[in-house]
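Structure first, commentary second.
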Protein chains: 2
Amino acid sequence: MNQPVRPAQETASAPAHDRVYRALRTRIMHGEITPGAALTLRGIGGEFGVSMTPAREAVRRLAAEGALFLSSSGRVTTPELTNERIEELAALRALLEVELASRALPRAHMALIDRLQTINSNVAEMVSKRDAVGYIRTNLEFHRTLYLRAQAPAMLAMAETVWLQLGPTMRALYGRLRRTDPPQNHRLIIAALKAGDEPGLRLAVRSDVTQGLRLLAG
Amino acid sequence: MNQPVRPAQETASAPAHDRVYRALRTRIMHGEITPGAALTLRGIGGEFGVSMTPAREAVRRLAAEGALFLSSSGRVTTPELTNERIEELAALRALLEVELASRALPRAHMALIDRLQTINSNVAEMVSKRDAVGYIRTNLEFHRTLYLRAQAPAMLAMAETVWLQLGPTMRALYGRLRRTDPPQNHRLIIAALKAGDEPGLRLAVRSDVTQGLRLLAG
DNA sequence: CGGCGGGATTTGTGATCACATGACCGGATG
DNA sequence: CATCCGGTCATGTGATCACAAATCCCGCCG
């Protein structure tokens, strides 16, 4: 009963714990789980058709990245962030992403800028449709596409870890946000890239990254 | 045989996977394991008197933090960093630790500075004794003591993650370093703290953090 | 003498189970 | 009617086992 039957080819022949990890990770990062929601190992295992063991490994991995919170008794929930924590994570985003953008700037040629503009129109569409999850997903795609050009994998990984920690909270925040104006800061980022304007780029990225929390402090 | 015997009180009654995790973590961070060294789940379990299950969880957790490298077949080794990776991690240290020091500055009173000076004399002693592991340990204690004052737990956690990734490599680097001069940059850090000189503090921290890699690039 | 093949062994993966503990829900009591 | 106490149930932890695959090692062939 080790492998239920293995019909022909499974999803991708990736290890079970990795499939579970990736599925949960994107769910959390995209804000598909509300802050404070509880998960159970048996529940996860049941949902993905695996036993507790891979579910546990996936959960441990996510907890190590700060994407999940483990109570002292081992109960696993998605974290509920305090305001100070949110501000700190926003400061981290600013620190890391300004540096990533700055490093990407000299390598940003026209094809990249075109791609960013395409993604940005998708972002605008999600905003107009009030699709919070879609907005978060395309917004992160915009940033990741730019930062990939920085050729700094460790730095990008850290930035993604921060996104992961903010995922559930971002959803909650944007859910209460009533705004349909397109992402102005993304336009500034693209303009600065075109102009090769590094100070402008740094400022635009910093504004884009920290604006989301402004409605929190207000 | 779930609990071998539980003599009276064990080490601390902490969960087994957590004990294993912490033990391995400090070993790696202090550079007690050389880069590229291989570990086995059964070996870890045997060493700590537990089964494979807690060993696996500890390893997964450390791998998620970048402290261990898992090959595609699941073999687990401590990472061998490329030069680009080392430079990137050093840049991350600079970014994060400059910010942490800056945030700690307004909260640094005399008791803290005294403590830093005490720790720094220990650092100097380790340097003179050519004790690489002791040097790394006390050096990190110096930095952590300062950054704790920043009241920024997420940021400090990220900095520790970077230390963890650099652990084995740091040991290898300092092992080939023939230097017995005391840590000059630490003195500059302390002086800047006393003077309340933020720009000087930022510069001193940046120098201290990036100097170690200079012998690499040279 | 060097490369190669094949079998023995090591090693990670995942399922299952026993157990302890913490959570939850009910009723009894003040 | 609120509160506290009881048990039942859900849940995480860790051990053990079966299995597959990767690795290692040694002898064989060119």
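Quick note on labels: first sequence line is chain A, next is B, and so on, each numbered from 1. In what follows, every heavy atom counts, from backbone to side chain, and hydrogens, waters and symmetry copies are set aside.
Sorted by first and then second residue, the salt bridge (charged side-chain N to carboxylate O under 4.0 Å, His left out) pairs involving residues 157-167 of chain B (not counting sequence neighbours) are B/R25-B/E160, B/R144-B/E160. Contacts classified as salt bridge (charged side-chain N to carboxylate O under 4.0 Å, His left out) and involving residues 46-64 of chain B (residues at least two apart or in different chains) are given here: A/R56-B/E57, A/E57-B/R56, A/E57-B/R60, A/R60-B/E57, B/D18-B/R61, B/R27-B/E47.
Each of C/dG14, C/dA15, D/dT13 was ranked by its minimum atom distance to the side chain of B/H17; first place goes to D/dT13.
One interatomic measurement links the two molecules: CD1 of A/I44 to C1' of D/dT11, which rounds to 12 Å at whole-angstrom precision. To the nearest angstrom, P of D/dG12 lies 12 Å from CD of B/E57.
Checking A/S71 against A/A16, the closest nucleotide of DNA chain C that is more toward the 5' end is the one next to A/A16.
With sequence neighbours left out, the side chain to side chain contact (heavy atoms under 4.5 Å, CB included) criterion links B/S73 to B/S71, B/R75. Residues passing the ring pair (Phe, Tyr, Trp, His ring centres under 6.0 Å) test with A/Y147 are A/H143, sequence neighbours excluded. With sequence neighbours excluded, the residues that form a side chain to side chain contact (heavy atoms under 4.5 Å, CB included) with A/V50 are A/A16, A/R19, A/V20, A/F48, A/P54.
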Show me the donor-acceptor pairs within less than 3.5 Å that the side chains of residues 161-170 of chain A make with the rest of the protein, sequence neighbours left out.
{"from": "A/T161", "atom 1": "OG1", "to": "A/A157", "atom 2": "O", "distance (Å)": "3.0"}
{"from": "A/W163", "atom 1": "NE1", "to": "A/E97", "atom 2": "OE2", "distance (Å)": "2.7"}
{"from": "A/Q165", "atom 1": "NE2", "to": "A/E65", "atom 2": "O", "distance (Å)": "3.4"}

Enumerate donor-acceptor pairs with a distance under 3.5 Å from any side-chain N or O in residues 30-40 of chain A to protein atoms, sequence neighbours excluded.
{"from": "A/T40", "atom 1": "OG1", "to": "A/G43", "atom 2": "N", "distance (Å)": "2.9"}

Under 3.5 Å, N/O pairs linking protein and nucleotides 7-12 of chain C:
{"from": "C/dG12", "atom 1": "OP1", "to": "B/L41", "atom 2": "N", "distance (Å)": "3.4"}
{"from": "C/dG12", "atom 1": "OP2", "to": "B/L41", "atom 2": "N", "distance (Å)": "3.0"}
{"from": "C/dG12", "atom 1": "N7", "to": "B/R42", "atom 2": "NH1", "distance (Å)": "2.8"}
{"from": "C/dG12", "atom 1": "O6", "to": "B/R42", "atom 2": "NH2", "distance (Å)": "3.1"}

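Side-chain N/O atoms of A/T53 include none lying less than 4.0 angstrom from OP1 or OP2 on C/dG14.
Electrostatic pairing of B/R137 and B/E141 does not count as a salt bridge here, judged by no charged N lying under 4.0 Å from a carboxylate O.
Across the helix from C/dC1-D/dG30 to C/dG30-D/dC1, the helix axis at one end is tilted relative to the axis at the other end by 30° (nearest 10 degrees, each axis from five pairs).
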